[in-house]
Amino acid sequence: MGKDDFRCIECNEKAAELHRDYSNGILKITICESCQKPVDKYIEYDPVIILIDAILCKTQAFRHILFNTRLNIHWKLCVFSLLCEAYLRWSMLHGSEQSSDPADIIRYTKEWEFYGMFGLAALELSAFCGGVLCFLWVVVCCLQGETMELCLLLRALLLSCYGKVLLIPAVIWEHDYSPLCLGLIKLFVLTSNSQAIRVILNSRRRLSLMAVCVGLLSETCVAQACKRLSWSIQDTLTF
């Protein structure tokens with residue numbers, strides 16, 4: 001990160017540095033010139049506390065992660081989340097057919113249905129992100145005449161999908177999950193997406209909620225279109 005790439009986690013003003021390094025390893029946190037508060041208090045916090053604040057969707061924690069860190073695991077996190085979601089869908093599809101024999105697990109993972117579920121999950125995520133970005137581009141760039149960093153916004157959307165990691169227990173305990181649990185995970189992910197958009201654009205909550213709703217609508221339309229296409233293919237093969 002270069003100069004003025006940092007942000008104050010309290011007022012969102014740009015800052016040249018987060019701390020000043022004196023001799024003998026003495027660090028002093030920079031004070032924001034706008035709000036007279038520490039630019040980023042989280043640089044002294046344990047990562048576990050930062051994670052807890054991010055789970056609680058605190059604006060300060062999101063600003064710390066998105067602006068003041070070099071966290072570039074969004075693509076890895078995205079692939080990992082898609083793998084969990086694909087395996088969960090695949091296990092729901094073949095739940096009644098699975099055997100308790102461990103040797104069958106290797107055979108099942110080679111089935112093409114799993115890769116199809118991964119592709120479907122990736123397509124739905126792409127539709128969601130595409131819907132959100134298109135809506136914000138129209139509103140922010142075209143209507144309001146402001147600039148918007150699409151790459152930064154996409155990174156924020158992917159990082160804010162960290163809630164999908166909660167699908168791991170559903171993968172481990174295959175038959176113990178419930179639709180209510182999956183619905184709550186989905187709601188938590190959408191809430192995190194909305195907070196990430198709000199932090200990046202420094203906008204009102206209404207705009208971020210509308211963007212998430214548009215993205216969810218795009219995702220739902222793509223899912224329904226894929227389902228109808230699958231049904232038509234099955235009908236064709238039947239005849």
Side-chain angles (χ1 to χ4, degrees), residues 7 9 12 50-67 69 71 73-86 88-89 118-168 170 179-227:
R7 297 288 182 92
I9 64 172
N12 200 47
I50 300 175
L51 178 61
I52 293 174
D53 284 353
I55 292 175
L56 295 176
C57 291
K58 289 189 175 182
T59 304
Q60 293 86 348
F62 270 73
R63 283 176 180 154
H64 167 77
I65 295 172
L66 296 176
F67 292 125
T69 64
L71 195 61
I73 62 170
H74 48 286
W75 291 114
K76 296 179 181 179
L77 180 62
C78 174
V79 173
F80 183 74
S81 301
L82 290 176
L83 286 173
C84 291
E85 188 171 355
L88 183 60
R89 295 185 182 188
F118 180 85
L120 179 60
L123 186 61
E124 291 178 2
L125 179 61
S126 300
F128 174 79
C129 294
V132 170
L133 294 178
C134 289
F135 173 80
L136 292 176
W137 181 79
V138 171
V139 174
V140 176
C141 297
C142 296
L143 298 181
Q144 298 180 359
E146 300 178 2
T147 58
M148 183 178 65
E149 298 183 35
L150 293 178
C151 293
L152 183 60
L153 191 56
L154 178 60
R155 172 175 171 265
L157 286 175
L158 296 180
L159 281 176
S160 60
C161 289
Y162 64 90
K164 291 186 178 181
V165 178
L166 296 175
L167 292 172
I168 294 178
L180 177 61
C181 178
L182 299 180
L184 291 176
I185 293 175
K186 182 67 174 179
L187 179 61
F188 174 72
V189 172
L190 293 176
T191 303
S192 300
N193 294 147
S194 175
Q195 185 70 335
I197 296 171
R198 184 166 172 257
V199 167
I200 292 294
L201 298 180
N202 195 29
S203 62
R204 295 182 178 180
R205 194 178 302 274
R206 182 184 301 177
L207 177 62
S208 62
L209 289 176
M210 290 177 61
V212 168
C213 289
V214 171
L216 184 60
L217 179 62
S218 301
E219 178 183 340
T220 303
C221 291
V222 170
Q224 292 297 324
C226 292
K227 186 179 295 184

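The model shown is predicted, which means the values in this text are computed figures rather than measured ones.
The distance from atom CZ of Phe118 to atom CG of Leu123, rounded to the nearest 0.5 Å, is 12.0 Å. Between Phe80 atom CZ and Ile73 atom CD1 the span is 11.0 Å, to the nearest 0.5 Å.
Contact of the Cys161 side chain with the Leu125 side chain is registered, since non-hydrogen atoms from C-beta on lie closer than 4.5 Å. Between Arg155 and His74 there is a side-chain heavy-atom pair separated by less than 4.5 Å. Looking at heavy atoms from C-beta onward, Leu158 lies out of side-chain contact with Leu77 at the 4.5 angstrom threshold. Leu71 places none of its side-chain heavy atoms less than 4.5 Å from the side chain of Leu66. With contacts defined as side-chain heavy-atom distances shorter than 4.5 Å, the pair Leu152/Phe67 qualifies. Looking at Ile197 and Leu207, their side chains never come closer than 4.5 Å, going by heavy atoms from C-beta outward.
Of all heavy-atom pairs spanning Ser160 and Ser192, the tightest one is O-CB, 3.3 Å. Heavy atoms only, all atoms of each residue included: Ile9 and Gln60 are closest at O-CG, 3.3 Å. Scanning all heavy atoms of the two residues, the minimum distance from Ala156 to Ile200 falls at CB-CG1, 3.6 Å.
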Test log, rule side chain to side chain contact (heavy atoms under 4.5 Å, CB included), inputs Phe128 and Leu190: CA-CA 10 Å; Phe128 174 79; Leu190 293 176; 3.9 Å; yes
Check the pair Gln195, Lys58 against side chain to side chain contact (heavy atoms under 4.5 Å, CB included), reporting the backbone distance first and the verdict last. CA-CA 8 Å; Gln195 185 70 335; Lys58 289 189 175 182; 6.0 Å; no
Step-by-step side chain to side chain contact (heavy atoms under 4.5 Å, CB included) determination, Phe188 to Ile55: CA-CA 9 Å; Phe188 174 72; Ile55 292 175; 4.0 Å; yes
Arg63/Asn202 under side chain to side chain contact (heavy atoms under 4.5 Å, CB included): CA gap, chis, key distance, verdict: CA-CA 10 Å; Arg63 283 176 180 154; Asn202 195 29; 3.7 Å; yes
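Ser208 and Ser194 form a side-chain donor-acceptor contact under 3.5 Å, judged by distance and modelled atom types alone.
A search for salt bridge (charged side-chain N to carboxylate O under 4.0 Å, His left out) contacts involving Lys227 returns nothing, not counting sequence neighbours.
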Check residues 131-150 and write down every donor-acceptor pair under 3.5 Å in which the side-chain atom is one partner and the other belongs to a residue at least two apart or another chain.
none

Taking only distance into account, with no hydrogens and no angle test, what donor-acceptor pairs under 3.5 Å do side-chain atoms of residues 213-225 form with protein atoms, sequence neighbours excluded?
unit_1: Ser218; atom_1: OG; unit_2: Val214; atom_2: O; d: 3.1
unit_1: Glu219; atom_1: OE1; unit_2: Lys186; atom_2: NZ; d: 3.3
unit_1: Glu219; atom_1: OE2; unit_2: Lys186; atom_2: NZ; d: 3.0
unit_1: Thr220; atom_1: OG1; unit_2: Leu216; atom_2: O; d: 2.8

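Side chain of Glu85 to main chain of Ala121: no donor-acceptor pair is present (N/O by atom type, distance under 3.5 Å, no hydrogens or angles). Panel note: side chain Arg198, backbone Leu209; no donor-acceptor pair is recorded below 3.5 Å.
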